[in-house]
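Worth saying up front: this structure is predicted, and the values here are computed from it rather than measured.
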Amino acid sequence: MDSGIAEDLAIRPLVGKNAWEKINNAEAVHLFEMRLMPGPTMFPADSGGLGQFSRDAHRCNPDALITLTIKVPKQRRFGRDTSRARGERRLREDVQRFMSEFGSLIGPDGSVDRAIAHVSLESSDGSLAEDRINFVSDHITSRKTVTLRRSEGHAPWYEAAVHAVLDVASQHERELREAVSAVP
């Protein structure tokens, strides 16, 4: 039976606009922590940076709950400020790349159920303030009621459900596009 659905439908969690703004405006990222759930490998072979590290750890321990913490030390010895700044910049770039490639895996029910970053953000007075980004709790949510009426003689219920979701999505397209506008 032809459902008549000519559009691709994908429902996936996305990292929220607030988290993207914070990570993109961060002067420094001091710490990044994520937890990978047990299961099949979800990172492709050509992943780099945090994706490659996560894939390798997950491949070696597929049944383990893996927590990865990367922290740039705050040591204040002579000559350490340059290397610390370089480490914070690299970590920020790695986190940004990881979020853009694998942000859809992050969420309460995703393969990555914990992802946080400790960052320094510039305040309105020019000073630096420490902040914490929680990529799991700051994900995009745009809730709309979808009414599904089941009746005799119509398409199977799952096709009717997809049609109902598409109808609501088209009615609220502008709001939904606004919600994902910060996603790279």
Side-chain angles (χ1 to χ4, degrees), residues 5 7-26 28-72 87-121 130-146 157-159 161-162 164-166 168-169 172-173 175-184:
I5 299 172
E7 302 167 34
D8 290 335
L9 178 66
I11 298 175
R12 59 187 179 122
L14 296 171
V15 175
K17 190 177 198 174
N18 187 41
W20 274 114
E21 287 174 356
K22 283 183 181 180
I23 196 69
N24 289 333
N25 294 325
V29 176
H30 311 289
L31 176 137
F32 178 68
E33 181 177 301
M34 70 175 166
R35 185 170 58 198
L36 304 171
M37 301 300 291
T41 302
M42 74 281 307
F43 300 100
D46 62 348
S47 298
L50 292 171
Q52 177 184 354
F53 187 85
S54 301
R55 184 190 73 243
D56 292 345
H58 203 269
R59 184 176 39 88
C60 293
N61 303 286
D63 300 319
L65 184 67
I66 300 168
T67 302
L68 167 67
T69 303
I70 300 174
K71 182 176 182 178
V72 179
E88 291 169 339
R89 185 184 67 250
R90 285 180 181 165
L91 183 54
R92 186 185 79 208
E93 291 167 358
D94 278 347
V95 171
Q96 287 171 316
R97 185 175 29 236
F98 184 81
M99 291 301 138
S100 28
E101 291 178 17
F102 304 111
S104 64
L105 299 176
I106 298 170
D109 300 319
S111 300
V112 179
D113 75 336
R114 176 178 170 81
I116 61 165
H118 292 195
V119 300
S120 292
L121 296 168
E130 300 290 315
D131 200 356
R132 180 179 168 189
I133 304 170
N134 186 331
F135 294 100
V136 173
S137 65
D138 189 7
H139 63 277
I140 294 171
T141 56
S142 186
R143 296 183 181 170
K144 297 294 168 197
T145 303
V146 176
W157 70 269
Y158 55 86
E159 288 184 16
V162 170
V165 168
L166 290 173
V168 170
H172 300 280
E173 182 178 0
E175 181 182 343
L176 294 171
R177 287 193 187 280
E178 243 174 57
V180 297
S181 64
V183 177

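- Heavy-atom minimum distance, Ile23 versus Val119: CD1-CG1, 4.3 Å.
- Under the side-chain hydrogen bond (donor to acceptor under 3.5 Å, both in side chains) criterion, His118 pairs with no residue, sequence neighbours left out.
- Under the side-chain hydrogen bond (donor to acceptor under 3.5 Å, both in side chains) criterion, Arg89 pairs with no residue at all, not counting sequence neighbours.
- In this view, Gln52 satisfies the side-chain hydrogen bond (donor to acceptor under 3.5 Å, both in side chains) rule with no residue, not counting sequence neighbours.
- In this view, Asn61 satisfies the side-chain hydrogen bond (donor to acceptor under 3.5 Å, both in side chains) rule with no residue, not counting sequence neighbours.
- Arg97 meets the salt bridge (Lys or Arg N to Asp or Glu O under 4.0 Å) test with Asp94; sequence neighbours excluded.
- Scanning for salt bridge (Lys or Arg N to Asp or Glu O under 4.0 Å) contacts around Arg92 gives an empty result, with sequence neighbours left out.
- Side-chain contact between Met37 and Leu65 is present, with at least one heavy-atom pair separated by less than 4.5 Å.
- Leu68 meets the side-chain contact (heavy atoms from CB on, under 4.5 Å) test with Met34, Leu50, Phe53, Ser54, Ile70; sequence neighbours excluded.
- Minimum heavy-atom separation, Trp20 to Gln96: CH2-O, 3.8 Å.
- A distance of 10.0 Å separates CG of Leu91 from NE2 of His30, quoted to the nearest 0.5 Å.
- Of all heavy-atom pairs spanning Val29 and Ala117, the tightest one is CG1-CB, 4.4 Å.
- Contact check for Arg114 versus Thr67: no side-chain heavy atoms found under the 4.5 Å cut-off.
- In this structure, Glu93 has no salt bridge (Lys or Arg N to Asp or Glu O under 4.0 Å) partners at least two apart in sequence or on a different chain.
- Partners of Glu101 under the salt bridge (Lys or Arg N to Asp or Glu O under 4.0 Å) rule, at least two apart in sequence or in another chain, do not exist in this structure.
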